[in-house]
Amino acid sequence: MGFEDTALLSRILTLMTLSFHILYATVGVGIPLMIMIAQWVGIKKNDEHYILLARRWARGFVITVAVGVVTGTAIGLQLSLLWPEFMQLAGNVIALPLFMEVFAFFFEAIFLGIYLYTWDRFEDQRKHLLILIPVALGAAASSLFITIVNAFMNSPQGFEILNGEFVNVQPLLAIFNPAVPTKVAHVMSTAFMTSAFVLASIAALRMIGGSDHVYHKKALFLTMKIGLIFSIATAIIGDFSGKYLAEYQPEKLAAAEWHFETEGDAGLILFGVLDGQEPKYAIKIPYALSILAHGTPGAEVIGLNEFPEDERPPLWIHYLFDTMVGIGMWLAFFSMVYVVGAWRGWAIVRAKWFRWLLLATGPLALVAIEAGWWFTEVGRQPWILRGYMKTADAATTSGQVDLMIILFAGLYIILGIGTVVVLTRMYKRNPVEKELADREAKKGGVQE
Amino acid sequence: MTLEIIGISVLWLFLFLYVIVASIDFGAGFFNAYSAFTNKQHILTGIIQRYLSPVWEVTNVFFVFFFVGVIGFFPQTAFYYGTTLLVPASIALILLSIRGSYYAFATYGAKINHRGYIYMYGLSGLLLPASLSPVLAMSEGGFIKMDGDSPYLDYLALFTSPLTWSIVVLSLAAVLYISAVFLTWYASKAGDAKATHLMRKYALLWAGPTIITATGIIFELRSHNAEHYSRLLDLWWIFGLSFLLFLGTVYLLWKRRNYGWAFILLVGQFFTAFFAYGVSHYPYLLYPYLTIYDSFTNEAMAISLIIAFIAGLGLLLPSLYLLFRLFLFDKDYVKGKSDYHA
Ligand code: HDD
Ligand code: HEM
Ligand code: HEM
């Protein structure tokens, strides 16, 4: 098997593992915050519903964390197994955040263990809530550090290469590379947004199933409000990400927008198909690309023709970009309608079809996460370390990658099905209505 | 002390901690499955769920720490070990996934007590040390070879070498021994006489094989890697100390006394042996290609990693203390009197 082949196979395996891990990781970053908010509201309003909401989310969270840890361990090792040349290089320059990430994992894992096994152990509920803070911080920090590594792959700096040797390495400069601010902010706000919508979907599912309990209504309203806030933040930060690209990785933006000639007054192209260098059947929003790239309608946007053919990313990332942005716009709009509607008591909010749309928010956000990551990662091609190392030169020379793909595909299928089965069983066996009744009976008092 | 030595010492220490906590975890799973098989089920299940469930994720992080740290301090290892370990490491990953999902799906999740799952979980506890420990054999040289510029693993040589198999057998015996000693202590703290009795029996049973295979490996090394062998012999007195600690553990177990001390002596036994082995391996990470000096990262990175390590430790140690106070040293929790699981 030639080198080209193992590079391709390694890309497929990396893609598979990361695409699977990211679903769990995103939720792993976002849900601690959601639990925190619910528990805090519960303590503050002395409302048993919110406390129970936090507790039930926490139970489900354990399952997703476990799969997140397992798949994260897989990708962590696979990076060295599949991209030894790259890791050897990366180890010299960007090992610091990877190493710090491990401490974030420790921190999160320790306090998550404590949090889960100390429900009702403390007299004062607030003490228990306190334990959740390090969990949320640990999760956020792990996403911060790993995103820094990824940002470095997109805009490497902090080192010089002299005859194949690294000289003048500056670990902190490598960490604070230009891609970091927008990337980290965007990754975090999308994690919070996605987690909120995923939880909203669960509430919507129960309401479609016929439950009319106020518990679900509270859950839905709370999560949709959070979703609204973070989807607006996401769109704003996404706009900054576009400006980052225009400045530092213009070829990625140009490929995403099928923008071939460098010119001003550039329009944004949505969907469509490409005929040579001509987009067809596309929706064109005049000046929008110039605005996305530089903030003014007349600004000049660098086109793809400025780059040699073999350094251009694949053009199909256009659809990934459209998918992400489309979903982002829709979710911001839709959650706005819901929140205003629920607050003003509009009838459509209670309509059955509307609930189906609510149900769709979580899965849509997850699709946007995948589309966004595929867009950045495929859009970096042919580079693994932009400007320094090509993906094809970084791969392992081992001939057994194909077998491993099959092995891991099987694993992810089992883990994926397992998660769904276990989560549904867990909640079916112990529905909210029953648990609420149990708790009230235990306390001998009624709240609300 | 040079930066290289600090780096490798930190990593070796964390690997040691992983060996101890993972052995407890792997062995417990096996004993659990075995008792299910012999229908003495649930003598151990409660203990496993009480102690292991809150900490398994932490155990896993020790492993992650090790492989991330190695790449950080010694990036060239990625080139030799990364390329050659694809298959064994992937198998280990699959096995780790079985264990992780057991905790998630079976103990905190839907309480699935399917026998097949319990067996798989137990078996993975044995297969994991068997799939990870050959890396130690590989580091002795002779199994990783070069094909032009790219390293490859000679499976035939690896699997026909007595050294490999002795290391595998040692890892299995050690896992069961470490785990049994720990669980004897934990069960006796929990006041569970039945489980204490059972685990004490297992501990005594596995003490012999552990020490015999460990000695065997020293002799295997003589023919496989003479340089390493002679360096080992220079450190004979540390191994002697380790052996005395071993005798101490067995004595206490035999007399049914001070199980806590028995476990502490056991940690001492493994600590001394593990470090003596590590020191004698110096300076090679992989005979004869890779030493800690030529694979070391640049100085700026090394210093920043060490600073990050110290800062991280400042965060980690108090948290670990809290965790252990709540789950290992808390009488009511250990005895299962209080169940506060979400
Ligand atoms: C719920 C998910 C989600 C949603 C709704 C959006 N994004 Fe996004 N986007 C991501 C999830 C994401 C991501 C998965 O988090 C990415 C991939 C890598 C990264 O840094 O973030 C990303 C990357 C990413 C990039 C590339 C950054 C880079 O390569 O460095 C740009 C330009 C945008 N986004 C812009 C937007 C805009 C203008 C949006 C309008 C609403 C938007 N995103 C919504
Ligand atoms: C930007 C994308 C990523 C994010 C946001 C992310 C975040 C997370 C989070 C939050 C966890 C903890 C699981 C949980 O608590 O739910 C986790 C686990 C893990 N991730 Fe990722 N991750 C990402 C990509 C990666 C990549 C590329 C690697 C490889 C270097 C990686 C390595 C790991 C490892 C090793 C674990 C397991 C940690 C443990 O044993 O506790 N992650 N990740
Ligand atoms: C967790 C979210 C992520 C997802 C879903 C993701 C997705 C992808 C995809 C689709 C590819 C294949 C690109 C191609 O072959 O065309 C890829 C490649 C790769 N990604 Fe990411 N990525 C993520 C985050 C990261 C992070 C944080 C890192 C850095 C630590 C990383 C490192 C890599 C490497 C080393 C490759 C292989 C080389 C390459 O194709 O350029 N990824 N990823």
Side-chain angles (χ1 to χ4, degrees), chain A residues 55 58-59 62-63 65-67 69-70 73-74 76-77 80-82 84-85 87-93 95-96 98-103 105-107 109-114 116-121 134 166 169-172 396-398 400-401 404 407-408 411 415 418 422 425-426 429, chain B residues 53-55 57-58 60-61 63-65 67-69 71-76 78-87 89-91 93-94 96-97 100-101 103-105 108-110 112 150 152 297-298 300-301 304-305 308-309 311-312 315-316 319-320 322-323 326-327 333 338 340-342:
Chain A
R55 187 162 187 166
R59 273 185 220 141
V62 188
I63 310 291
V65 167
V67 182
V69 167
V70 162
T73 310
L77 250 182
S80 300
L81 298 173
L82 298 173
E85 302 269 358
M87 284 309 275
Q88 186 177 346
L89 192 153
N92 274 298
V93 190
L96 186 58
L98 272 177
F99 191 62
M100 296 205 282
E101 193 193 9
V102 183
F103 284 100
F105 289 147
F106 261 126
F107 206 51
I110 290 171
F111 283 94
L112 185 63
I114 296 176
L116 288 174
Y117 285 86
T118 50
W119 272 91
D120 296 341
R121 186 157 160 178
F166 290 90
V169 172
Q170 292 171 284
L172 288 181
T396 176
T397 47
S398 169
Q400 283 111 352
V401 185
M404 299 303 120
L407 207 63
F408 280 98
L411 177 70
L415 287 178
V422 168
R425 265 222 230 169
M426 205 162 106
R429 225 179 255 182
Chain B
S53 299
V55 301
E57 225 190 307
V58 181
N60 192 56
V61 183
F63 180 53
V64 176
F65 182 99
F67 69 69
V68 172
I71 301 294
F73 280 105
F74 305 101
Q76 268 204 27
F79 178 67
Y80 287 98
Y81 283 110
T83 310
T84 47
L85 284 179
L86 179 66
V87 176
S90 298
I91 292 173
L93 281 173
I94 304 267
L96 277 174
S97 311
S101 62
Y103 286 116
F105 296 170
Y108 350 96
I112 302 172
S150 50
Y152 69 97
T297 186
N298 55 80
M301 181 54 77
S304 62
L305 287 178
F309 175 74
L315 210 62
L316 189 61
S319 325
L320 276 177
L322 187 65
L323 182 74
L326 286 169
F327 297 116
Y333 182 80
S338 50
Y340 296 112
H341 179 28

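Every chain is numbered from 1 and lettered A, B, ... according to where its sequence line falls, protein lines coming before strand lines.
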Inset, instruction - Find the one option among S97(B), A311(B), G100(B) whose heavy-atom pairs under 4.5 Å with chain A are most numerous. - result: S97(B)
Inset, instruction - Describe, in one word, how the ring planes of F106(A) and F103(A) are oriented to each other, choosing from parallel (under 30°), tilted (30 to 60°) and perpendicular (over 60°). - result: tilted
Inset, instruction - Counting only heavy atoms closer than 4.5 Å, note whether L407(A) contacts chain B via side chain, backbone, both or neither. - result: both
Inset, instruction - Please tell me if the side chains of F408(A) and L93(B) come closer than 4.5 Å, counting only heavy atoms from C-beta onward. - result: yes
Inset, instruction - Look at L82(A), V102(A), L89(A) and state which one has the largest set of heavy-atom pairs under 4.5 Å with chain B. - result: V102(A)
Legend entry - Close side-chain approach of N92(A) and M301(B), heavy atoms under 4.5 Å: no
Inset, instruction - Check whether any side-chain heavy atom of L77(A) sits under 4.5 Å from a side-chain heavy atom of F63(B), and report yes or no. - result: yes
Inset, instruction - Sort M100(A) into side chain, backbone, both or neither according to what part of it lies under 4.5 angstrom from a heavy atom of chain B. - result: side chain
Legend entry - Student check: side-chain heavy atoms of L98(A) and E101(A) closer than 4.5 Å: yes
Inset, instruction - With a 4.5 Å cut-off on heavy-atom pairs, point out which of P134(A), A90(A), P84(A) contacts chain B the most. - result: P84(A)
Legend entry - V58(B) vs L323(B) side-chain heavy atoms within contact, under 4.5 Å: yes
Legend entry - Which atoms of F65(B) approach chain A - backbone, side chain, both or neither, heavy atom under 4.5 Å: both
Inset, instruction - Name the region of L172(A), side chain, backbone, both or neither, that has any atom closer than 4.5 Å to a heavy atom of chain B. - result: neither
